[in-house]
Amino acid sequence: MPDDARPWFQDNEFWEDFGPLLFDGYRIRNTPSEIDKVLARTGIASGAMLDLCCGPGRHSLELSRRGFAVTGVDITRGYVEEARRKATDEGLSAEFVEADVREFQRPGAFDGAISMFSSFGYFDELHDDRRVLRNVAESLKPGGRLLIETMGKETVARNLRRRHWYSPADKPGTLFLVENTILGAWERVELHWIVVRPDGTRSEARLLIRLYSALEMASMLRDAGFSSVEVHGDLEGNAYGPEASLLVAVARK
């Protein structure tokens, strides 16, 4: 169980236990396609890229393979070390920094930045999310772009399932229970996860993620210093309408 004295996202045991499910074979195989779409949405063809909350580096490494100068930032030491090992093994020059994204800033250093896989909105206080966006805006060159891929408040409201079990395709015999609870005035969603493995071992965790509507996200990005914001319903660039599966915001400095 995660240590209740720390925020869930700073609990190394959580990431060790759930990492194999979060970063399974399907997501690894899908990474090149995701980066194709990220580059299409942002229009960035080369240069320096910042990967916020990069985890074990799947997007950072793919960008590095394509010739980008990449900096991945994550607070989880084990993931940063894993990403560094993978970069070394492949002879890639990607840089990985163990840091809190509320603190990380390199003024004018990057052509683009990404925040993928609903890794935005983990903090207890709203002003911390705003602080992250201001840091990114400061770290981008003029005209630089930030892409955020996350769960939109509207899509969660439409698709929310109170409780469901499933078995991950790449983990036969593993059962994964997900329970979802909306907190406050649709401010955050609490995700209660339980995984039961074929050998009988069991892990449990509770996550809290702040929810933003498309309007709230766009307004917050403009307040952080971005000059324009586009909102899409998926990485393919479809409209953020009734069929949207994600909230994808592309902001230009």
Side-chain angles (χ1 to χ4, degrees), residues 22 26-27 30-45 49-55 58-59 62-63 101 110-123 126-137 139-140 143-162 164 178 180-191 207-253:
L22 293 170
Y26 169 79
R27 290 196 172 93
N30 203 43
T31 300
S33 174
E34 290 179 355
I35 291 300
D36 286 343
K37 296 166 188 174
V38 165
L39 298 179
R41 297 286 72 73
T42 60
I44 300 171
M49 292 288 284
L50 172 63
D51 186 359
L52 297 164
C53 303
C54 66
R58 65 187 180 102
H59 294 108
E62 180 61 25
L63 285 165
V101 292
F110 300 102
D111 298 281
I114 59 174
S115 172
M116 302 290 289
F117 197 28
S118 294
S119 59
F120 183 78
Y122 288 177
F123 305 118
L126 176 60
H127 65 77
D128 282 329
D129 287 352
R130 297 181 181 277
R131 183 178 178 186
V132 172
L133 296 182
R134 289 194 297 269
N135 286 342
V136 177
S139 297
L140 288 172
R145 292 172 175 85
L146 164 65
L147 183 146
I148 297 176
E149 175 207 46
T150 189
M151 302 181 294
K153 188 178 291 186
E154 297 91 343
T155 62
V156 172
R158 186 189 68 223
N159 299 324
L160 184 72
R161 297 171 66 184
R162 179 69 182 88
H164 67 282
V178 180
N180 300 296
T181 303
I182 298 300
L183 303 180
W186 276 86
E187 296 155 16
R188 295 199 288 179
V189 59
E190 180 185 68
L191 298 90
L207 299 65
L208 290 168
I209 300 178
R210 190 171 298 279
L211 295 171
Y212 291 100
S213 69
L215 177 61
E216 290 166 339
M217 179 66 77
S219 296
M220 186 167 58
L221 284 162
R222 292 190 183 97
D223 289 345
F226 291 91
S227 62
S228 64
V229 182
E230 297 178 357
V231 176
H232 307 285
D234 51 37
L235 285 173
E236 284 79 7
N238 290 310
Y240 192 73
E243 304 304 317
S245 58
L246 296 165
L247 171 55
V248 176
V250 181
R252 180 187 178 99
K253 182 176 178 179

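In this chain, numbering begins with 1 at the start of the sequence shown.
- Of all non-hydrogen atoms in His59 and Met116, the two that sit nearest each other are CE1-CB, 3.7 Å.
- Across Thr150 and Phe120, no two heavy atoms sit closer than the pair OG1-O, 4.1 Å.
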| request: Any chance you could lay out the side-chain contact (heavy atoms from CB on, under 4.5 Å) test for Leu63 and Asp51, step after step, and finish with the verdict? | output: CA-CA 10 Å; Leu63 285 165; Asp51 186 359; 5.5 Å; no
| said: Please evaluate residues Ser119 and Leu52 with respect to the criterion side-chain contact (heavy atoms from CB on, under 4.5 Å), reporting the C-alpha separation (whole Å), side-chain torsions for both, the decisive distance (0.1 Å), and the verdict. | reply: CA-CA 8 Å; Ser119 59; Leu52 297 164; 5.8 Å; no
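- One distance of note links OH of Tyr212 with CG of Asp129; it measures 3.5 Å at 0.5 Å rounding.
- Residue pairs meeting the salt bridge (Lys or Arg N to Asp or Glu O under 4.0 Å) criterion with at least one partner in residues 225-244, sequence neighbours excluded, are Lys37-Glu236.
- Residues Glu149 and Leu246 approach most closely at OE2-CD1, 3.5 Å, considering heavy atoms.
- With rounding to the nearest 0.5 Å, the separation of OH in Tyr122 from CG in Leu207 is 7.0 Å.
- Side chains of Leu183 and Leu208 form a contact here, defined as non-hydrogen atoms less than 4.5 Å apart.
- Separating the CD atom in Glu34 from the CG atom in Leu39 is a distance of 12.0 Å, to the nearest 0.5 Å.
- Between Tyr240 atom OH and Glu154 atom CD the span is 3.5 Å, to the nearest 0.5 Å.
- Taking the side chain as every heavy atom from C-beta outward, Val231 and Met217 never approach each other to under 4.5 Å.
- Among residues at least two apart or in separate chains, side chain to side chain donor-acceptor pair (under 3.5 Å) pairs with a member in residues 215-225 are Lys153-Glu216, Ser213-Glu216.
- Between the side chain of Arg41 and the backbone N or O of Leu235, at least one donor-acceptor pair lies under 3.5 Å.
- Distance alone, capped at 3.5 Å, places no donor-acceptor pair between the Asp111 side chain and the Ile44 backbone.
- For the side-chain contact (heavy atoms from CB on, under 4.5 Å) test with Leu146, the passing option among Ile114, Leu221, Val250 is Leu221; the others fail.
- Counting heavy atoms from C-beta on, the side chains of Arg162 and Thr181 come closer than 4.5 Å.
- Applying the ring pair (Phe, Tyr, Trp, His ring centres under 6.0 Å) criterion to Phe123, with sequence neighbours excluded, gives Phe9.
- A donor-acceptor pair under 3.5 Å is absent between the side-chain atoms of Lys253 and the main chain of Gly144, judged by distance alone.
- In this structure the side chain of Arg27 never reaches within 4.5 angstrom of the side chain of Asn30, judged on heavy atoms.
- The side-chain heavy atoms of Leu140 and Arg145, taken from C-beta on, include no pair separated by under 4.5 Å.
- A donor-acceptor pair under 3.5 Å is formed between the side chain of Asn180 and the backbone N or O of Arg161.
- Taken to the nearest 0.5 Å, the CD1 atom of Ile182 stands 10.5 Å off from the CD atom of Glu187.
- Closest non-hydrogen pair, Ala224 versus Ala137, comes out as O-CB, 3.5 Å.
- Judged by distance alone, the side chain of Thr42 and the main-chain N or O of Val38 form a donor-acceptor pair under 3.5 Å.
- Rounding to the nearest 0.5 Å places CD of Glu190 at 11.0 Å from CD1 of Ile209.
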